[in-house]
Structures are given as C-alpha cells and as structure tokens.
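Written out below as structure tokens is the structure these notes cover.
Excluded from the calculations below are hydrogen atoms, water molecules and symmetry mates; all remaining heavy atoms, backbone and side chain alike, are included.
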Amino acid sequence: MVVGSLRAKLRKELGDNEHEADWIIAHVTKMSQEEFIKNPRDITEEEYNEIMEITARRSMGEPLQYILGETEFMGLTFKVDDNVLIPRQDTETLVETVIKKIKDKNVRVLDIGTGSGCVGISIAKLCPNAEVTMLDYSEAVLDVAEENAKLNDVNVNLIKCDILEEIPEGKFDVIVSNPPYIETDTIFSLDNIVARYEPPEALDGGFDGLMFYQRIAELAPEIMDDNSFLAVEIGYNQAEAVTEILDEAEFSAIKVIEDPCENERVITAKYKSSLFSDLIP
Ligand code: GLN
C-alpha cells in the first residue's frame with residue numbers, strides 16, 4: 001500500500017483525531033511528515049501491521065503519546081509512560097514565562113513536581129546558565145525525568161521529595177511548578193478520560209484543587225530567598241484563589257498571565273521582595 005491511501009484510511013478510522021494519522025505514519029516509517037508527503041513510498045507489511053495496531057489502540061481512547069512512548073514539548077522530544085502526565089502545550093506558557101524572566105542569568109531553578117521533566121529540562125536547555133533542580137515524589141517518575149534529561153543532553157539535579165511531607169533542601173532563585181490542580185471529585189467523575197489513562201497523582205490537587213499552591217506558599221520561607229521568583233501554572237478558574245494564597249504568604253508583584261487561547265494560565269510573583277524596600281536605606 002502506498003502512503004497516500006494509507007493516510008486516507010487512517011484519517012477515517014481516527015475520526016476526531018484524524019490529524020494524528022501523519023504522526024503515526026511518521027513514527028513507524030521513521031520518515032518526517034514532510035518527507036512522506038513529498039516522496040510517498042510503499043509501506044512494508046511490517047510497518048502496515050504496526051500502524052494498524054497503534055490505530056486500533058488509539059481508537060479505544062488510549063492517548064497516542066503513551067502508545068508511541070514520546071511527545072514533543074517546546075520543540076524538544078520527551079519520553080513518556082503512564083507514570084507521568086503527558087506534557088501539554090498549555091504548559092509552554094509557563095516555561096516561556098520563566099525563560100523570559102531569567103534569560104542568561106546564573107540562577108538556581110527548582111521545578112516542583114517535574115513529572116516527565118518537560119518544564120525543568122526545557123528551561124535547562126534554553127537557559128544554559130541556569131542550574132536546574134527537579135523534584136518529584138516517586139522513583140518511577142524520576143526515572144522518566146532522568147531519561148529525558150539524557151535524551152535532551154542537559155545536566156540537571158534530580159531529587160526525590162514528597163513536598164506534602166518533606167521540605168526540599170536548598171534555596172532557589174526561581175521556583176517553577178505545574179502542580180496537580182484538579183479537584184479530587186472532578187478527577188474521579190467517570191467520564192473523565194484524562195484520569196482513565198494519566199496518573200491521578202499528577203492531577204489531584206485535593207478537594208479544592210489548591211493543595212499544592214498552599215504547600216508551596218508554606219514552603220516559601222524555607223526554599224526561597226527575598227526576591228526569589230515564583231511561576232506556577234493554574235487551572236482556568238483558579239487565578240483569584242491562588243492570588244489570595246500568595247498574597248497572604250508575603251508574596252508581592254503577583255501577576256496573572258494568559259496563554260495564547262486567552263485562558264488565565266500562569267501566576268508569577270516575587271517572594272517578599274520590595275514590601276519595605278523603600279523604607280530601608
Ligand atoms: N511538570 C510536569 C508537566 O508539566 C508534570 C506536571 C504534573 O504531574 N502535574 O507536565
């Protein structure tokens with residue numbers, strides 16, 4: 001079968017996900033999407049069988065990123081398995097916000113709840129002067145993050161720490177996090193396809209979805225210096241609640257940043273900083 005007719009067949013089978021047909025073909029044939037569109041060739045029987053097997057799994061609802069074991073984020077490739085959340089394009093707003101802030105500065109960055117490592121690794125790759133530490137609560141998750149650090153050729157520190165129970169060691173100039181922020185009840189509502197495949201630990205932000213923001217605010221005196229910078233991703237309706245949490249915890253210059261779809265997506269703030277700086281000579 002030539003690529004062209006296989007493409008048409010897959011697009012039909014994938015329905016709403018028809019745009020993923022090219023992604024599947026490219027993965028299996030190891031040709032880029034441009035390559036096989038420009039120079040279509042015959043598909044081998046082995047390739048055909050693999051492509052059909054992937055398409056069947058995808059049609060049952062399994063996310064393509066888990067089936068293929070990889071995805072793209074910030075133009076980089078990341079391995080994923082079902083221990084980690086699939087990196088979302090939405091989260092690129094968080095990474096871009098941090099990168100804009102730190103540029104070439106020599107800063108210590110901590111990525112809390114690193115999962116696949118997509119946030120910390122992208123920052124390390126694009127800000128070579130940053131010293132990036134990434135933490136997560138489980139060894140299995142950190143294994144994925146470590147593999148991704150190697151794959152993307154960056155040096156990062158990885159630490160195992162459950163921030164709900166422990167205090168991470170060290171002080172950081174930048175804290176960045178895309179924490180679990182969905183209300184527990186929402187996750188376990190049964191039509192939630194995300195929770196069927198992705199690890200609940202990566203999604204569950206407690207009964208009000210705010211547990212990790214509360215905890216990060218509580219940890220600030222231990223892990224942030226005066227003037228350290230915080231950037232967190234938030235759920236579409238959490239800007240006000242998270243602003244309040246940070247305000248009460250001595251953060252200043254709290255800003256809400258929208259993603260390209262105009263959803264409130266990221267909050268940045270400074271720890272303490274200029275609260276009284278004008279008064280101090
Ligand atoms: N930091 C990872 C990401 O942004 C994991 C986030 C999480 O598990 N909540 O994809």
Side-chain angles (χ1 to χ4, degrees), residues 1-96 114-123 125-126 140-141 143-154 178 191-199 202-203 233 259-261 263 265:
M1 188 179 257
V2 286
V3 170
S5 26
L6 179 63
R7 230 179 137 210
K9 179 177 158 71
L10 289 196
R11 290 174 80 98
K12 216 159 141 202
E13 284 192 29
L14 289 164
D16 286 350
N17 303 312
E18 60 170 16
H19 60 281
E20 293 178 355
D22 289 353
W23 186 1
I24 298 175
I25 299 171
H27 179 88
V28 173
T29 60
K30 301 190 172 54
M31 289 191 277
S32 70
Q33 296 185 10
E34 299 79 50
E35 232 173 300
F36 72 71
I37 291 166
K38 257 200 220 143
N39 304 310
R41 65 155 167 87
D42 277 335
I43 298 283
T44 67
E45 196 182 330
E46 218 181 354
E47 285 170 340
Y48 178 82
N49 291 339
E50 194 181 339
I51 288 170
M52 293 323 288
E53 200 182 305
I54 292 170
T55 306
R57 279 171 70 182
R58 181 65 187 119
S59 303
M60 300 292 288
E62 195 175 345
L64 188 55
Q65 294 90 335
Y66 284 153
I67 304 172
L68 305 183
E70 64 179 30
T71 193
E72 270 207 13
F73 180 82
M74 294 294 295
L76 305 170
T77 300
F78 288 88
K79 299 258 177 218
V80 287
D81 65 24
D82 58 11
N83 288 297
V84 300
L85 193 80
I86 297 166
R88 303 293 201 274
Q89 212 179 343
D90 302 332
T91 304
E92 293 187 351
T93 302
L94 175 69
V95 173
E96 280 159 5
T114 196
S116 64
C118 64
V119 171
I121 291 168
S122 304
I123 294 171
K125 189 82 190 171
L126 298 163
V141 171
D143 285 348
V144 178
E146 187 175 14
E147 204 184 333
N148 280 323
K150 280 198 195 120
L151 181 70
N152 287 292
D153 201 18
V154 292
N178 173 25
D191 58 344
N192 192 335
I193 182 102
V194 172
R196 190 162 341 139
Y197 290 99
E198 300 195 72
L203 302 164
E233 180 166 317
D259 64 18
C261 302
N263 294 310
R265 180 64 62 193

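A side-chain donor-acceptor contact under 3.5 Å links N152 to the backbone of N148. Checked by atom type and distance alone, the side chain of D259 pairs as donor or acceptor with a backbone atom of C261 at under 3.5 Å. Checking side-chain atoms of E13 against main-chain N and O of S59 turns up no donor-acceptor pair under 3.5 Å.
Considering every non-hydrogen atom in both L203 and E198, the closest pair reads CD1-O, 4.3 Å. In terms of heavy-atom proximity, A21 sits nearest to R11 at CB-CG, 3.7 Å. Minimum heavy-atom separation, P260 to T93: CD-OG1, 3.6 Å. The shortest heavy-atom contact between T114 and A145 is CG2-CB, 4.1 Å. Pairing each heavy atom of K79 with each of S116, the nearest pair is O-CB, 4.3 Å.
Here the OG1 atom belonging to T91 is positioned 4.0 Å from the CG atom belonging to N178, to the nearest 0.5 angstrom. A distance of 9.0 Å separates CG of D143 from CG of D81, quoted to the nearest 0.5 Å. Taken from CD in E50 to CD1 in I43, the straight-line distance is 11.0 Å, to the nearest 0.5 Å.
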- Task: Output, in order, the C-alpha distance, side-chain angles, deciding distance and verdict of side chain to side chain contact (heavy atoms under 4.5 Å, CB included) for L14 and I24.
- Result: CA-CA 11 Å; L14 289 164; I24 298 175; 4.0 Å; yes
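Within the 4.5 Å cutoff, no side-chain heavy atoms of H27 are placed close to those of E20. You'll find the side chain of L94 stays beyond 4.5 Å of the side chain of R265, heavy atoms only. A heavy-atom distance below 4.5 Å is found between the side chains of N49 and E45.
Within 6.0 Å of the CD atom in Q33, the count of heavy atoms belonging to other residues, nucleotides or ligands exceeds 12. Crowding of E35 atom CD: a count of heavy atoms from other residues, nucleotides or ligands under 6.0 Å exceeding 12.
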With a 3.5 Å cut-off and sequence neighbours excluded, list the donor-acceptor pairs that the side chains of residues 60-78 form with protein atoms.
from: E62; atom 1: OE1; to: R57; atom 2: NE; distance (Å): 3.1
from: E62; atom 1: OE2; to: R57; atom 2: NH2; distance (Å): 2.8
from: Y66; atom 1: OH; to: V84; atom 2: O; distance (Å): 2.6

